[in-house]
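Note sheet for the following structure.
A note on names: the letters A, B, ... follow the listed sequences, proteins ahead of strands, and every chain is numbered from 1. As the structure is a computational prediction, the values presented were derived from the model and not from experiment.
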Protein chains: 2
Amino acid sequence: MVERESTPLTDILKAASDPTRRAILTLLAQDGPTRVTEIAARFEMSLNAVSKHIKVLEAAGLVSRRTAWREHIIEVRMEPLAEIDRWFRELRSIWEMRLDALNSLLTEENDND
Amino acid sequence: MVERESTPLTDILKAASDPTRRAILTLLAQDGPTRVTEIAARFEMSLNAVSKHIKVLEAAGLVSRRTAWREHIIEVRMEPLAEIDRWFRELRSIWEMRLDALNSLLTEENDND
DNA sequence: GCATAATTCATCCATATGGTTGAACGAGAA
DNA sequence: TTCTCGTTCAACCATATGGATGAATTATGC
């Protein structure tokens with residue numbers, strides 16, 4: 001398979017596209033900074049599986065980790081989600097520009113009637 | 001592996017998380033409804049690969065297909081992207097509610113000083 | 001030093017994903 | 001009928017992903 005550049009946006013969307021990971025984000029948003037073990041306790045899967053999910057979120061910048069003693073405190077970070085919003089807005093504006101161009105073209109034609 | 005429910009949001013995020021698919025969406029937003037072959041011509045991969053990407057986008061509702069004779073005209077659909085925005089907003093509001101609660105707790109404590 | 005606790009690391013497994021190539025299909029054109 | 005065109009379907013392959021389990025790590029408490 002060809003080498004694929006991993007843009008931040010791709011990582012963010014990939015990270016957010018898993019239901020378990022979204023649930024983790026929701027949990028963190030509700031409860032605030034939480035230990036890995038405590039997060040894992042909320043899910044019916046192994047601690048290790050949750051730990052891996054958290055690492056994916058961390059790599060995408062969606063959570064940050066603060067190691068206090070032997071506990072790793074995980075905290076949600078909202079900023080990267082704005083990237084998604086930015087992409088969405090850009091796509092929409094491209095789309096609207098085309099529609100505007102179409103409209104003005106039609107108006108011009110009407111003027112020439 | 002356990003059976004995983006496929007929510008619309010999961011499908012939308014998964015579909016949007018691939019750079020090629022986002023490029024297809026951008027292209028469609030710019031150029032408007034386009035034939036499959038024509039879309040494929042813009043990418044350095046086989047027609048079949050692009051066709052598969054389009055099917056993923058279609059399953060997520062991000063594009064619609066209009067079969068005109070033997071040509072399949074693909075069109076971008078913006079509506080499902082609002083789902084992402086909705087999720088984002090919900091997460092943020094949960095997050096802000098917690099912060100507000102925290103703040104009012106602190107204020108209360110200050111009042112009691 | 002030794003047990004304990006919170007995590008990660010290392011393996012392994014099954015399935016999903018993104019890509020390729022070649023065959024099949026459906027419908028107008030010769 | 002047979003050819004051609006636009007597209008999907010069917011295999012197939014390599015790698016990624018999500019999960020499990022057991023060992024290793026790291027730092028305190030006894």
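- Taking the nucleotide of DNA chain C with the nearest heavy atom to each of B:K52 and A:S51, the more 5' of the two is matched to A:S51.
- Contact annotation: B:H53 side-chain N/O to C:dG18 OP1/OP2 distance is not under 4.0 Å.
- Looking at heavy-atom distances under 4.0 Å, A:K55 makes contact with sugar-phosphate atoms alone, never a base.
- Side-chain N/O atoms of A:S46 include none lying less than 4.0 angstrom from OP1 or OP2 on D:dG19.
- In this entry the distance linking NE2 of B:H72 with P of D:dC5 reads 17 Å, nearest Å.
- Rounding to whole angstrom units, CG of residue B:L57 and P of C:dT17 are separated by 13 Å.
- Base engagement by B:A49 is indicated by at least one non-hydrogen atom pair under 4.0 Å involving a base atom.
- You won't find any donor-acceptor pair under 3.5 Å spanning the side chain of B:D18 and the base of C:dT17, going by distance alone.
- Not one N or O on the side chain of A:R65 forms a donor-acceptor pair closer than 3.5 Å with the backbone of A:K55.
- B:A16 approaches A:W87 most closely through the heavy-atom pair CB-CH2, 4.0 Å.
- Looking at A:N48, its side chain comes within 3.5 Å of the base of D:dG22 through a donor and an acceptor atom.
- Ion pairing between a basic and an acidic side chain is recognised when a charged N comes within 4.0 Å of a carboxylate O; A:E83 and A:R86 show such pairing.
- Counting only heavy atoms from C-beta on, A:K14 has its side chain closest to D:dT17 among D:dG19, C:dT20, D:dT17.
- Shown here for A:I39 and A:V50, the closest heavy-atom pair between the two residues is CG2-CG1, 3.9 Å.
- One can place CD1 of B:I39 at 13 Å from C1' of D:dG6, the figure rounded to the nearest angstrom.
- Rounded to whole Å, atom P of C:dT8 lies 12 Å from atom CZ of A:R35.
- As a whole-Å value, the separation of A:L13 CG from D:dT17 P is 14 Å.
- In this structure, the CG atom of A:D11 is 14 Å from the C1' atom of D:dT17, given to the nearest Å.
- Of the possible polar contacts, one joining the A:R77 side chain to the A:G61 backbone as a donor-acceptor pair under 3.5 Å is found.
- Closest to the A:T20 side chain, of the nucleotides D:dG19, C:dT8, C:dG19, is D:dG19.
- Taking atom CE of residue B:M45 and atom C1' of nucleotide C:dG18, one finds them 8 Å apart after rounding to whole Å.
- Nearer the 5' end of DNA chain C, as judged by each residue's closest nucleotide, is the contact made by A:L47, out of B:L47 and A:L47.
- The phosphate of D:dG18 (OP1 or OP2) has a side-chain N or O of A:R21 nearer than 4.0 angstrom.
- Whole-Å rounding puts the A:R65 CZ to C:dA6 C1' distance at 11 Å.
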